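The structure under discussion appears below in the form of structure tokens.
Quick caveat: nothing in here was measured; it's all calculated off a predicted structure.
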Amino acid sequence: PKNNSRETPELGQPQDYRMNLDILTAASADYYPRIVNLIGSLHTFESQDDDGADGQPHKVHVYDLGFTYAQRLELACMKNVVLHDFNITQYPKHVQVLSNYAWKIIILSNHLGDLSKKMLSENRITMDKKAAVLWLDGGLEVRAPFIEETKDAMSYYGHSCAFVGPLAGADLNGAPS
């Protein structure tokens with residue numbers, strides 16, 4: 001069986017680290033093949049017994065930045081995928097330019113607000129009920145160790161951060177490690 005606890009140095013008590021994890025991503029029609037690949041990699045490499053709190057599977061929330069009708073139908077039929085409309089036209093022009101990525105923080109903020117409201121309405125805001133949100137860009141492909149290690153880090157530390165480019169292998173001050 002999986003070890004579902006962590007020793008918390010501050011408290012010295014084991015802590016249940018199973019959580020509801022919402023995986024978020026977004027794309028337009030041009031990036032649809034990459035979103036399908038991301039979802040496929042999540043389905044392939046997430047272990048069968050790896051589900052969130054209360055035995056519910058982790059959901060992949062896909063935000064529509066301009067899918068075709070056929071693409072939307074296909075996404076709606078995928079296992080553990082929740083398709084969300086995102087009315088980008090209600091935001092300023094700079095948000096509507098997809099290459100600016102200004103829509104990303106709006107989606108994250110809206111999703112976190114909706115998640116908070118849902119947990120409050122279900123009376124699930126307690127120390128033993130955790131929820132987390134993980135943004136994965138549509139062009140990514142995940143592998144088994146990444147999923148497990150990321151969820152462990154998010155649960156234990158409350159966040160996860162990946163460095164790329166010149167920061168990889170550097171300490172927080174930018175010096176090589």
Side-chain angles (χ1 to χ4, degrees), residues 1-2 4-6 15-29 31-88 98 101 103-162:
K2 256 179 149 173
N4 286 336
S5 66
R6 287 277 189 261
Q15 188 174 356
D16 183 0
Y17 77 99
R18 292 180 66 109
M19 69 178 92
N20 288 328
L21 176 65
D22 285 356
I23 299 170
L24 276 59
T25 192
S28 61
Y31 288 90
Y32 180 75
R34 300 303 305 153
I35 288 291
V36 171
N37 190 62
L38 170 62
I39 293 167
S41 70
L42 287 164
H43 287 166
T44 300
F45 293 106
E46 190 166 25
S47 64
Q48 296 302 317
D49 65 342
D50 185 27
D51 47 46
D54 303 323
Q56 298 299 311
H58 303 300
K59 301 289 186 192
V60 180
H61 296 263
V62 179
Y63 284 82
D64 181 356
L65 300 177
F67 293 130
T68 67
Y69 180 73
Q71 291 169 338
R72 288 179 57 83
L73 285 178
E74 189 174 321
L75 283 167
C77 294
M78 291 182 185
K79 177 183 172 186
N80 297 327
V81 170
V82 180
L83 181 61
H84 296 271
D85 292 322
F86 183 69
N87 185 2
I88 202 163
L98 296 183
Y101 302 101
W103 45 266
K104 193 181 292 189
I105 194 68
I106 296 169
I107 289 173
L108 279 165
S109 178
N110 290 348
H111 192 88
L112 287 168
D114 292 346
L115 182 60
S116 179
K117 288 176 195 170
K118 179 181 175 189
M119 290 182 75
L120 281 170
S121 72
E122 295 174 359
N123 198 25
R124 291 178 42 208
I125 304 289
T126 63
M127 289 301 288
D128 64 335
K129 301 287 183 182
K130 299 178 191 169
V133 172
L134 174 64
W135 181 276
L136 293 176
D137 284 330
L140 295 177
E141 186 175 292
V142 298
R143 298 287 184 240
F146 169 82
I147 296 170
E148 294 303 319
E149 292 168 7
T150 301
K151 286 190 289 190
D152 286 352
M154 289 176 73
S155 177
Y156 191 66
Y157 298 108
H159 68 276
S160 177
C161 182

Taken to the nearest 0.5 Å, the spacing of H111 NE2 from H61 NE2 works out to 4.0 Å

A76 meets the side-chain contact (heavy atoms from CB on, under 4.5 Å) criterion, sequence neighbours left out, with none

Next on the checklist: Just so I know, are the side chains of L136 and L42 near enough to count as touching, which here means a heavy-atom distance under 4.5 Å?
Outcome noted: yes

Heavy-atom side-chain contact between H84 and L24 under 4.5 Å: no

- Message: Using a 3.5 Å distance criterion without hydrogens, assess whether the side chain of S116 forms a donor-acceptor pair with backbone atoms of G113.
- Response: no

side-chain hydrogen bond (donor to acceptor under 3.5 Å, both in side chains) filter on E141, not counting sequence neighbours, yields N37, R143

Checklist entry - Do the non-hydrogen side-chain atoms of I106 and I88 ever get within less than 4.5 Å of each other? => result no

side-chain hydrogen bond (donor to acceptor under 3.5 Å, both in side chains) filter on S28, not counting sequence neighbours, yields none

Residue set satisfying salt bridge (charged side-chain N to carboxylate O under 4.0 Å, His left out) with D64, at least two apart, ordered chain then number -> R72

Residues pairing under salt bridge (Lys or Arg N to Asp or Glu O under 4.0 Å) where one sits in residues 104-116, two or more places apart or in two chains, turn out to be K104-D137

For the residue pair I107 and L65, establish whether any side-chain heavy-atom pair is separated by less than 4.5 Å. yes

CG of L115 to NZ of K118, rounded to nearest 0.5 Å, is 7.0 Å

Subject >> Heavy-atom side-chain proximity of L38 to S41 below 4.5 angstrom >> reply: yes

In terms of heavy-atom contacts, F86 and N110 come closest through CE1-ND2, 4.3 Å

One should read off an interatomic distance between T25 OG1 and Y63 OH, to the nearest 0.5 angstrom, of 11.0 Å

Do the side chains of V62 and I39 get nearer than 4.5 Å, heavy atoms only? yes

With sequence neighbours left out, the residues meeting side-chain contact (heavy atoms from CB on, under 4.5 Å) with A27 are Y31, I35, F67

Notebook entry, point to check: Hey, mind stepping through Q71 and V36 against side-chain contact (heavy atoms from CB on, under 4.5 Å) and telling me if it holds?
Noted result: CA-CA 10 Å; Q71 291 169 338; V36 171; over 6 Å; no

